[in-house]
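Residue numbers begin at 1 in each chain, while the letters A, B, ... track the order of the sequences.
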There are 2 protein chains.
Amino acid sequence: LEIAKNKIVLIVEYDGTDYCGFQFQDNGATIQDELEKALFKLTTEKTRIVGASRTDTGVHARGQVVSFFSASRLVPAEFPAGLDYYLPQDIAVVAAYQVNPEFDVQRSAVSREYLYRIWNRPSRSPLLRRYCQHVKATLDVEQMNEAAQLVVGELDLASFVTELSRSVVRSTVRRVFEARVEREGEEVRFSIRAQSFLPHQVRNTIGSLIRVGLGKMGIEDFKKILEEKTPGLARPTAPAKGLVLVKVNYPRPLGDYHEDL
Amino acid sequence: LEIAKNKIVLIVEYDGTDYCGFQFQDNGATIQDELEKALFKLTTEKTRIVGASRTDTGVHARGQVVSFFSASRLVPAEFPAGLDYYLPQDIAVVAAYQVNPEFDVQRSAVSREYLYRIWNRPSRSPLLRRYCQHVKATLDVEQMNEAAQLVVGELDLASFVTELSRSVVRSTVRRVFEARVEREGEEVRFSIRAQSFLPHQVRNTIGSLIRVGLGKMGIEDFKKILEEKTPGLARPTAPAKGLVLVKVNYPRPLGDYHEDL
């Protein structure tokens, strides 16, 4: 006799500072570890969770989406507070939904949104030190935004990955829907929405855009990097701490995917 | 022969999480300690610094203003990066100016601005956990803002201090210029500008305003607290971590106070 299991989806927020990224690893604590441990404490089930977006070491999330199967009698609304009780303070479950088993947090997603934050004044910011890269010289945000528009569209972004990453991905073509660089006081924010991302794509893109913003490189140079389709050209890889996974988008609100159950 | 000393003023930002407040204490590290240690390392002078606003244990600052006398040959513009080199990552010097010896960071100030941040949704925020109080139930921000207007003016705020604080201040009358409660997404922000503040005034005010926002108390009850002028009535004292000293205002820009030197 098989026990019926439900597919549960969670929206998770975390401060990635003290973690080796989202996905399970041998050499350090990950968000996945902590979530699976908390699920075990709450439900006594050993479950494997799947995340919509693999965030790297030190990268944060406001809206990571994860799923797992559970035979627990808990209703979805009981998961957030139940898991938060066992989770460390730097991870929290914002919402939970029951979905069809066919719903796939990765494949059902239509786009992901990332934000990269830069603290842009001569002196560092103690209050934002965990969440922003510090760039001392004033960035030309208009130039950066103009260059950012060049990576919007369905494009071969081979120059925005490393040689190593190039060898593990099937294709370096990605569909970027929107990219924007804007200033809010002493903060410069780079937001980008794409169907999916290549490894380190956002951090290599903003690393290059910062060079444009500092006048070390013109928009034409940025265009050349894109056109040469050569791994390693877009650099440096900006520090992880400035990056946050803001949202994963699906065709319907997550609460609608239980309809056919 | 006396060595000529210059009066230097610094604008300081800090994350107060790991400090026992601004002012020197026997039982733990303070912002003043760290600044004096860094000044000694930079200038080899043992100096005593004075702060414009005493922030409590765990309270943050974006614009604390401090002053000290120095015989150093450094020009003011050399202090921020010089001190940041020796300061821990949770304290930074944003700017430095030379001023007349008559300029007094406390007495020359015309007003101080504080901000209190509340994270207002059922689940906690890992990303803002050091900088916001968490209130799970939805706050009625309009009611809170209406009540906040009652503490604007030149008023006897005796109900907003403790019995102990009452006994150490000369008067409980304070001049509050502006108070505002507003929502920005899942965050509720209370900003208040006054000539000066009583001990714990901001945290007791927002503690009471939260009770109004939760419907545990009406605006009339809030008014009664104010009118009864009895220490301890306005409570609870909201947690320190939500509070930040935003700015200290002077009649002229700080850069103008060296004119007569």
> Name, in order of residue number, those residues of residues 77-87 of chain A that have a heavy atom at a distance of less than 4.5 Å from a heavy atom in chain B; otherwise write 'none'.
A:D84, A:L87
> Please classify the contact between A:P122 and chain B as side chain, backbone, both or neither, with a heavy-atom cut-off of under 4.5 Å.
neither
> Please list, in residue-number order, every residue in residues 5-30 of chain A that has a heavy atom less than 4.5 Å from any heavy atom of chain B; write 'none' if there are none.
A:E13, A:Y14, A:D15
> Is it the case that more than 12 heavy atoms not belonging to A:R54 sit under 6.0 Å from its CZ atom?
no
> B:R124 and A:I91: which non-hydrogen atoms are nearest, and at how many Å?
NH2-O, 2.7 Å
> With only heavy atoms counted, which part of A:L127 is less than 4.5 Å from chain B, the side chain, the backbone, both or neither?
both
> I need the minimum non-hydrogen distance between B:A92 and A:P126, along with the two atoms involved.
N-CG, 3.4 Å
> Quick one: what part of A:R129 sits under 4.5 Å from any heavy atom of chain B, side chain, backbone, both or neither?
side chain
